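See below for the structure under consideration.
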Amino acid sequence: MSNKNAAPFPYHNRELSWLDFNIRVLEEALEKDNPIMERLNFLSITASNLDEFFMVRVAGVMEQIRSKYNEPDVSGLTPRDLLAKLTDKIHAFTERQYSCLHRSIVPALKRINVSFLPVRELNEKQLKHIEEYFDKILFPVLTPLAVDRSRPFPLLANKSLNIAVRLEKDKESYFAVVQVPSILPRFLELPCENGRAFVLLENIIIHKLSQLFELHEIKAYCPFRLTRNSDLDIDEESEDLMLAIEKSIKKRKRGRPVRLELIQKCDQETKEFLVEMLHVQERDIYELPGPIDLTFLSKFCGVSGFENYRFAPIRPVDPPADFWGYDDIFEAIRDKDRLVHHPYESFNSVVRFAEAAAEDPNVLAIKQTLYRVSGNSPIVAALIKAAENGKQVTVLVELKARFDEENNINWAKKLEHAGCHVVYGLSGLKTHCKILLVVRREDGVIRRYLHMGTGNYNDSTARFYTDIGLFTCKEPFGVDASSLFNVLTGYSRPPEYRKMIVAPEGMRPFFEHMIERETENAKKGLPCGITAKVNSLVDPRIIQLLYQASQAGVPIHLIVRGICCLIPGLPGISENITVISIVGQLLEHSRIFQFENAGNPKIYMGSADWMPRNLDRRVELVFPIDDEDLRERAFSILELMLSDTVNARVQLPDTTYTHIDKRGKPIIRSQTEFARLARKALEEKEVLNHEEPYKPLRNPHFESNQ
């Protein structure tokens with residue numbers, strides 16, 4: 001087999017690398033020093049991650065095989081080779097998931113008197129409790145579906161939990177399917193005199209199957225779950241993009257099956273029936289000890305009363321130290337650029353910026369990009385209020401944000417109804433940049449205020465995603481922002497930006513040039529170095545340039561949370577490159593890029609990872625940190641993360657990861673340290689202003705909605 005597409009340098013397959021990342025998350029579930037409910041949450045995250053991996057990535061490989069595409073990828077693997085490796089690795093991974101649950105977590109739960117009980121172990125009082133729950137709540141919701149010549153196998157919702165039932169009547173076999181209703185909680189708490197006890201919803205249904213099929217003898221039952229291909233096929237040339245996406249969302253429910261999860265020791269006839277009805281292959285079947293679908297554990301660990309078994313919450317300081325002493329947010333930004341580090345510093349500063357703009361009579365226009373927003377977004381509420389107040393509001397809502405399409409369509413309709421100009425982005429490109437522009441009239445002139453960030457305008461995820469935002473009203477940034485929005489909303493050609501680096505036109509050349517310059521500086525004996533923090537490192541050309549920089553002697557430090565196709569520490573190739581991944585209480589999401597630049601270090605932040613899609617197929621924004629104080633702070637953020645000895649893992653030349661060797665090193669959890677530093681910075685401001693106190697930055701409109 002010719003590997004003509006394979007890279008001529010070491011390149012780790014991206015799908016296999018992603019599975020390595022999910023293993024790092026699973027290790028947090030196995031970590032006995034983590035609180036027990038957090039361990040459950042990490043286990044739930046691994047299950048949720050794997051669901052999406054099947055729906056998109058595994059499904060994509062299967063489609064390649066189905067279409068008879070057999071060319072090797074950049075790592076040298078054909079789709080068939082890759083699917084075989086993925087199948088083996090995922091089967092091994094699911095074994096580790098359930099080993100973690102049953103051998104490590106369940107015993108730890110029992111030690112604090114918390115248990116999930118099978119129905120056979122319930123006492124009389126508990127049995128009566130589930131009988132009443134079934135009769136009053138569960139039974140009216142259930143819909144048993146018989147399968148025979150006149151009633152075909154039902155269309156099962158993606159990721160729904162079901163129970164297949166084999167029945168017998170007059171010595172003839174019949175089958176039926178009962179869906180476990182997702183509208184009800186997956187678990188029910190039982191009366192318990194010592195500790196707390198719970199039972200799973202599917203076990204209650206199984207216990208009462210005879211009541212659902214009174215005329216038949218129940219011979220066997222088997223909980224199962226189907227995962228479908230859920231990657232949308234969108235016709236971007238459609239005259240009505242919103243309508244095209246809405247149609248595609250409906251098709252997602254009918255996507256090809258890519259995984260069938262069954263309970264181990266499933267009755268053979270029932271298994272054969274499911275395989276025949278669902279058209280799955282043996283490799284796509286995952287027989288599990290149960291319970292199936294561990295994503296419910298995220299809700300379980302949030303049950304009231306378990307707070308002492310969670311991490312101490314990281315509470316954002318509000319206002320951030322950078323805004324202390326200002327009643328007027330515009331005045332604060334005029335005085336100096338401001339940097340806010342979430343969630344250590346409250347996302348409310350961004351919300352207040354939008355709300356102040358909506359209410360301020362001097363604000364003429366607001367322009368914003370929205371990629372993912374929360375279900376009850378205060379940012380969107382502020383934009384609607386601004387439109388109602390007569391301001392010109394332009395919002396680019398990215399309808400193609402995967403798995404957020406429906407939510408974004410709903411917001412787009414509400415924004416349009418309120419009088420906002422809503423744009424859906426550019427054909428063939430996702431708009432992933434994070435920018436909010438406020439145009440304000442001051443003393444007869446126009447001043448532009450900006451917020452640019454590394455993360456979404458989502459107040460919900462901002463509580464547990466680490467991201468950074470920059471506020472500025474510097475004119476070069478304002479000019480660039482106006483130019484960018486003209487490209488997004490009109491027919492303007494991409495301009496020559498003064499400060500911003502924008503994909504897809506200018507970002508790849510920028511990063512390639514910056515890496516090559518460090519290589520040249522190394523050859524000249526000048527100060528050199530690269531430090532980058534990204535979510536994923538996949539792009540072959542960037543990886544090749546990093547290898548070349550390493551070979552020239554450039555010290556390279558990479559902080560890559562997830563996929564990393566670069567292989568560090570290879571003699572003669574990447575021996576000057578280190579890669580760490582930080583998996584902790586919060587999800588690392590910020591992107592930061594530092595270049596030594598011959599002794600005049602430059603640092604940039606933005607929305608883009610080092611992936612082909614970010615550099616070539618999306619509208620992305622990366623911006624420099626110019627303010628001297630903020631630059632030093634940005635440098636220190638990277639330095640602190642590189643010194644993490646608890647949540648950081650280092651990638652080895654064989655692509656595996658290991659914990660940092662703590663011997664002789666202080667115990668440093670970068671995330672909790674950032675939280676401490678944010679509190680300390682605010683406390684120092686309060687002490688400095690003790691004799692002449694300032695009012696913290698507030699917005700009356702925001703206060704009234706608390």
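The analysis underlying the following values was restricted to heavy atoms, covering all of them including side chains, and did not include hydrogens, waters or symmetry mates. In this chain, residues are counted from 1 in sequence order. Keep in mind the model is a prediction, meaning the values are calculated, not measured.
A salt bridge links R633 with E345: at least one charged nitrogen is closer than 4.0 Å to a carboxylate oxygen. By the 4.0 Å N-to-carboxylate-O rule, R225 lies close enough to D51 to be salt-bridged with it. The residues E15 and K85 are annotated as not salt-bridged, no charged nitrogen and carboxylate oxygen being separated by less than 4.0 angstrom. We find that K271 and E282 are joined by a salt bridge, their nearest charged nitrogen and carboxylate oxygen being less than 4.0 Å apart. Under 4.0 Å is where a charged nitrogen must lie from a carboxylate oxygen, and between E588 and K533 at least one such pair does. One finds a salt bridge joining E202 and R186 here, because a Lys/Arg side-chain nitrogen approaches an Asp/Glu carboxylate oxygen to under 4.0 Å. A salt bridge does not link R24 to E27: none of the charged nitrogens lies less than 4.0 Å from a carboxylate oxygen.
The one candidate from N535, L537, L638, D644 that meets the side-chain contact (heavy atoms from CB on, under 4.5 Å) condition with I559 is L638.
Within the 4.5 Å cutoff, no side-chain heavy atoms of Y11 are placed close to those of Y547. The side-chain heavy atoms of D539 and I543, taken from C-beta on, include no pair separated by under 4.5 Å. For the pair L566/W610, no side-chain contact is recorded, criterion being any heavy-atom separation below 4.5 Å from C-beta on. Here the side chains of E673 and L677 are in contact, with some heavy-atom distance below 4.5 Å. Counting heavy atoms from C-beta outward, D284 and M62 have side chains that approach closer than 4.5 Å. In this structure, the side chains of Y371 and R618 come closer than 4.5 Å at one or more pairs of heavy atoms. Within the 4.5 Å cutoff, side-chain heavy atoms of V534 are placed close to those of F593. Considering only heavy atoms from C-beta on, L278 comes within 4.5 Å of L156 through its side chain.
Judged by distance alone, the side chain of S75 and the main-chain N or O of H12 form no donor-acceptor pair under 3.5 Å. Under a 3.5 Å cut-off, the side chain of N22 and the backbone N or O of T46 do form a donor-acceptor pair. Side-chain N or O atoms of Q126 include one that pairs as donor or acceptor with a backbone N or O of N123 at under 3.5 Å. S607 places no side-chain N or O within donor-acceptor distance of the main-chain N or O of E620, the cut-off being under 3.5 Å. Remark: the backbone N or O of G569 is paired with a side-chain donor or acceptor of S574 at under 3.5 angstrom. Proximity of a side-chain donor or acceptor of T94 to a complementary backbone N or O of I90 within less than 3.5 Å is detected. Although no hydrogens or angles enter the test, the distance criterion places a donor-acceptor pair under 3.5 Å between the side chain of S346 and the main chain of N348. N113 places no side-chain N or O within donor-acceptor distance of the main-chain N or O of N194, the cut-off being under 3.5 Å. D318 contributes no side-chain N or O that, together with a main-chain N or O of P316, makes up a donor-acceptor pair within less than 3.5 Å. Judged by distance alone, the side chain of K89 and the main-chain N or O of T87 form no donor-acceptor pair under 3.5 Å.
Within a 6.0 Å sphere centred on CZ of F635, other residues, nucleotides and ligands contribute more than 12 heavy atoms. Counting heavy atoms of neighbouring residues, nucleotides and ligands inside a 6.0 Å radius, atom NZ of K662 exceeds 12 of them. Shown here is Y221, whose OH atom has no more than 12 heavy atoms of other residues, nucleotides or ligands within 6.0 Å. Heavy atoms from other residues, nucleotides or ligands lying under 6.0 Å from CG of N376 number 12 at most. Other residues, nucleotides and ligands place more than 12 heavy atoms under 6.0 Å from the CD atom of E121. For R80, the CZ atom sits in a loose shell: 12 or fewer heavy atoms of surrounding residues, nucleotides or ligands are nearer than 6.0 Å.
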- [ ] Test C222 against L262 for side-chain contact (heavy atoms from CB on, under 4.5 Å), laying out the working first.
- [x] CA-CA 7 Å; C222 177; L262 300 171; 4.0 Å; yes
- [ ] Evaluate the salt bridge (Lys or Arg N to Asp or Glu O under 4.0 Å) criterion for residues E307 and R310: first the C-alpha distance (whole Å), next the side-chain angles of each, then the deciding distance (0.1 Å), finally the verdict.
- [x] CA-CA 5 Å; E307 292 79 11; R310 300 292 304 262; over 6 Å; no
TODO: Step by step, work out the side-chain contact (heavy atoms from CB on, under 4.5 Å) result for F53 and V58.
DONE: CA-CA 6 Å; F53 186 69; V58 175; 3.6 Å; yes
Open item on the list: Working note: H341 + F674, criterion side-chain contact (heavy atoms from CB on, under 4.5 Å); need CA distance, chi angles, decisive distance, verdict.
Closed with: CA-CA 9 Å; H341 195 183; F674 282 129; 3.9 Å; yes
Task: Step-by-step side-chain contact (heavy atoms from CB on, under 4.5 Å) determination, F311 to T672 - done: CA-CA 11 Å; F311 285 131; T672 52; over 6 Å; no
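Separation of the Y286 and F54 ring centroids falls under the 6.0 Å cut-off.
Atoms OG1 and CD1, on T658 and I580 in that order, are 13.0 Å from each other to the nearest 0.5 Å. To the nearest 0.5 Å, atom CD of residue Q585 and atom CD of residue E38 are 6.0 Å apart. Taking CZ of R39 as the reference point, atom CG of L101 lies at 10.5 Å (rounded to 0.5 Å). To the nearest 0.5 angstrom, Q544 atom CD is 11.5 Å from I573 atom CD1. Here the straight-line distance linking atom CG of L109 with atom CZ of F306 works out to 7.5 Å at 0.5 Å rounding. Between the CZ atom in F93 and the CG atom in N49 there is a gap of 8.0 Å [rounded to 0.5 Å].
Closest approach of G290 and H102 over heavy atoms only: O-NE2, 2.7 Å. Nearest heavy atoms, G305 versus R196: CA-NH1, 3.7 Å. The two residues N158 and S230 make their nearest non-hydrogen contact at ND2-OG, 3.1 Å. Shortest non-hydrogen contact noted between A608 and R591 is O-CG, 3.3 Å. Closest approach of I292 and I263 over heavy atoms only: CD1-N, 3.7 Å. Nearest heavy atom pair, residue F224 against residue L260, reads CD1-CD1, 3.8 Å.
Using cut-offs of 30° and 60° for the angle between ring planes, the F187 and F296 rings count as tilted.
With 3.5 Å as the limit, one finds a donor-acceptor pair spanning the side chains of D459 and S374. One side chain, T454 or D467, offers a donor N or O that lies under 3.5 Å from an acceptor on the other. Checking N456 against T461 by side-chain atom types alone, no donor-acceptor pair falls below 3.5 Å.
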